[in-house]
There are 2 protein chains.
Amino acid sequence: MDAKERLIEAAQDLLWDRGYTGTSPKAIQQQADAGQGSMYHHFAGKHELAHAAITRSARQLRAEAELAFGVEGAAMEKIGAYLTRQRDVLRGCRIGRLAADPDIIAAADLREPLVSTFRWLEGELASLIEDGQATGEFSAQLDPTTVAAAIVATVQGGYVLARAAADPEQFDHAISGLMTLLKGNAA
Amino acid sequence: MDAKERLIEAAQDLLWDRGYTGTSPKAIQQQADAGQGSMYHHFAGKHELAHAAITRSARQLRAEAELAFGVEGAAMEKIGAYLTRQRDVLRGCRIGRLAADPDIIAAADLREPLVSTFRWLEGELASLIEDGQATGEFSAQLDPTTVAAAIVATVQGGYVLARAAADPEQFDHAISGLMTLLKGNAA
DNA sequence: GTCTATACGGGGATAGAC
DNA sequence: GTCTATCCCCGTATAGAC
């Protein structure tokens with residue numbers, strides 16, 4: 001693997017664990033086993049490297065979610081597969097995590113992968129809810145868009161609760177509560 | 001107001017906006033209009049000052065939530081009052097925000113106010129749900145504990161979505177979806 | 001492409017004077 | 001209690017050699 005590649009992966013890793021503010025060029029170089037000159041040859045600076053890393057993390061996250069949505073079954077099963085998919089809960093969401101970082105929020109290009117990832121996710125979930133309404137699986141009273149937002153928010157918040165408590169089960173509790181609420185809204 | 005007080009308030013503010021990693025002693029001193037010597041006279045260092053600030057923020061958050069829970073009405077109205085209370089959405093949650101910070105998570109004493117705040121909040125909400133079940137307002141099928149966790153998670157995640165999109169309405173969507181789900185679980 | 005040298009301000013704190 | 005001086009390493013680059 002060439003240095004450029006290693007730098008991007010190291011940046012992905014560090015951004016996930018420490019955010020943008022907490023990640024220094026030097027730390028990235030060390031983890032990538034690349035020199036100062038190498039990094040600044042391939043990227044204009046921390047900002048540009050972070051952009052490459054975040055963009056790639058967003059693509060990966062989306063691919064993983066697509067995998068969960070691809071299971072066979074009715075709408076609720078697909079949603080359930082997404083909600084209960086394997087996650088490194090205490091590490092948090094590599095995309096949602098960045099929303100806490102003031103420097104990410106302040107830079108439109110760094111924030112963009114966050115917006116589009118969440119917008120896409122909510123769209124997928126909203127479609128599933130509509131499907132479920134068409135087949136009589138969900139109550140027609142539900143507004144697919146806002147319910148989808150609530151689902152995504154519960155996942156993101158589940159990470160927050162789990163990390164605050166240093167206990168992955170807190171994530172599962174939130175998801176479990178959400179699934180009960182969803183199932184109580186059968187047609 | 002004395003310097004010590006100003007330092008704590010400045011630290012609360014900066015921690016809210018920039019997190020622990022993103023907040024420097026120098027920045028706190030400047031915002032508090034206090035000198036280096038003053039800060040290190042009153043506090044052993046950044047860590048100790050942050051502890052004072054976080055503890056106080058947690059108390060304030062709790063007081064604000066108590067106010068919302070205090071409205072007259074049935075369980076769903078109290079929950080609704082909490083969910084729709086005035087918030088500076090794009091600024092995020094001053095407590096939940098810290099869960100993204102690796103240095104906070106690594107320091108048990110800094111993390112403690114986060115755990116206890118969320119535990120308390122979930123407890124209050126779980127009680128309300130039980131009340132609602134007793135009066136026939138909510139379905140007996142609901143598990144008060146996990147549903148309470150889902151509610152708190154949705155709020156925390158709502159902040160994440162809103163900040164990612166730089167749009168406060170994303171918070172409202174998530175809350176609105178959650179309230180629909182709750183109301184669909186009437187007894 | 002990668003290395004080393006150099007730069008300058010900031011992060012986080014200690015020491016001693018007033 | 002607060003001020004100023006001082007410390008040392010880190011953050012974030014740029015410059016030029018190889």
Side-chain angles (χ1 to χ4, degrees), chain A residues 1-56 97-98 100-111, chain B residues 1-56 97-98 100-111:
Chain A
M1 201 174 39
D2 61 358
K4 183 170 182 179
E5 197 57 26
R6 293 200 311 276
L7 282 162
I8 294 180
E9 291 183 14
Q12 285 186 277
D13 248 47
L14 286 163
L15 285 171
W16 192 346
D17 290 328
R18 310 199 39 84
Y20 185 84
T21 306
T23 297
S24 71
K26 180 177 297 191
I28 298 174
Q29 292 151 206
Q30 280 167 350
Q31 173 148 342
D33 198 23
Q36 188 107 319
S38 181
M39 177 187 138
Y40 283 100
H41 169 73
H42 292 292
F43 302 96
K46 176 182 171 178
H47 185 108
E48 196 178 299
L49 173 49
H51 186 263
I54 296 171
T55 303
R56 183 175 299 187
R97 200 244 163 270
L98 299 171
D101 206 303
D103 296 349
I104 297 280
I105 295 309
D109 62 325
L110 297 182
R111 193 169 55 72
Chain B
M1 200 176 37
D2 62 357
K4 184 170 183 179
E5 197 58 28
R6 292 200 312 275
L7 283 162
I8 295 180
E9 292 184 12
Q12 286 187 276
D13 247 49
L14 285 163
L15 286 172
W16 193 345
D17 289 329
R18 309 199 40 84
Y20 185 83
T21 305
T23 298
S24 70
K26 181 175 299 193
I28 298 173
Q29 291 151 207
Q30 280 167 351
Q31 174 147 340
D33 198 21
Q36 188 108 319
S38 180
M39 177 188 139
Y40 283 99
H41 170 75
H42 293 292
F43 302 96
K46 176 181 172 177
H47 184 109
E48 196 178 300
L49 172 48
H51 187 263
I54 295 171
T55 303
R56 182 176 300 190
R97 200 244 164 270
L98 299 171
D101 206 303
D103 296 348
I104 296 281
I105 295 309
D109 63 323
L110 298 182
R111 193 168 55 72

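Letters go in sequence order (proteins before strands), and every chain restarts at 1.
Among all heavy-atom pairs drawn from I104(B) and L110(B), the shortest one is CG2-O, 4.0 Å. Shortest non-hydrogen contact noted between G45(A) and Y40(A) is CA-CE2, 3.8 Å. Considering all non-hydrogen atoms of both residues, D17(A) and R97(A) come closest at O-NH2, 3.9 Å.
Take T55(A) and apply the side-chain contact (heavy atoms from CB on, under 4.5 Å) test, not counting sequence neighbours, and it matches H51(A), R59(A), P113(A). D109(B) meets the side chain to side chain donor-acceptor pair (under 3.5 Å) test with H47(B); sequence neighbours excluded. In this structure R111(A) satisfies the salt bridge (Lys or Arg N to Asp or Glu O under 4.0 Å) test with no other residue, sequence neighbours excluded. Remark: E5(A) engages R56(A) in a salt bridge (Lys or Arg N to Asp or Glu O under 4.0 Å) (not counting sequence neighbours).
When atom types are taken as modelled, the side chain of K46(A) and the backbone of Y20(A) share a donor-acceptor pair closer than 3.5 angstrom. Looking only at distances, no side-chain donor or acceptor of R18(A) sits under 3.5 Å from a matching main-chain atom of T23(A).
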Which pairs would a plain distance check flag for residues 25-35 of chain A, meaning a side-chain donor or acceptor within less than 3.5 Å of a matching protein atom at least two apart in sequence or in another chain?
unit_1: Q29(A); atom_1: NE2; unit_2: Q36(A); atom_2: OE1; d: 2.9
unit_1: Q31(A); atom_1: NE2; unit_2: D13(A); atom_2: OD2; d: 3.4

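In the region residues 35-54 of chain A, proximity to DNA chain D at under 4.0 angstrom, judged on heavy atoms, holds for Q36(A), Y40(A), K46(A). Within residues 18-29 of chain A, no residue places a heavy atom under 4.0 Å from DNA chain C.
The footprint of chain B on DNA chain C, defined by a heavy-atom cutoff below 4.0 Å, extends from dG11(C) to dT14(C).
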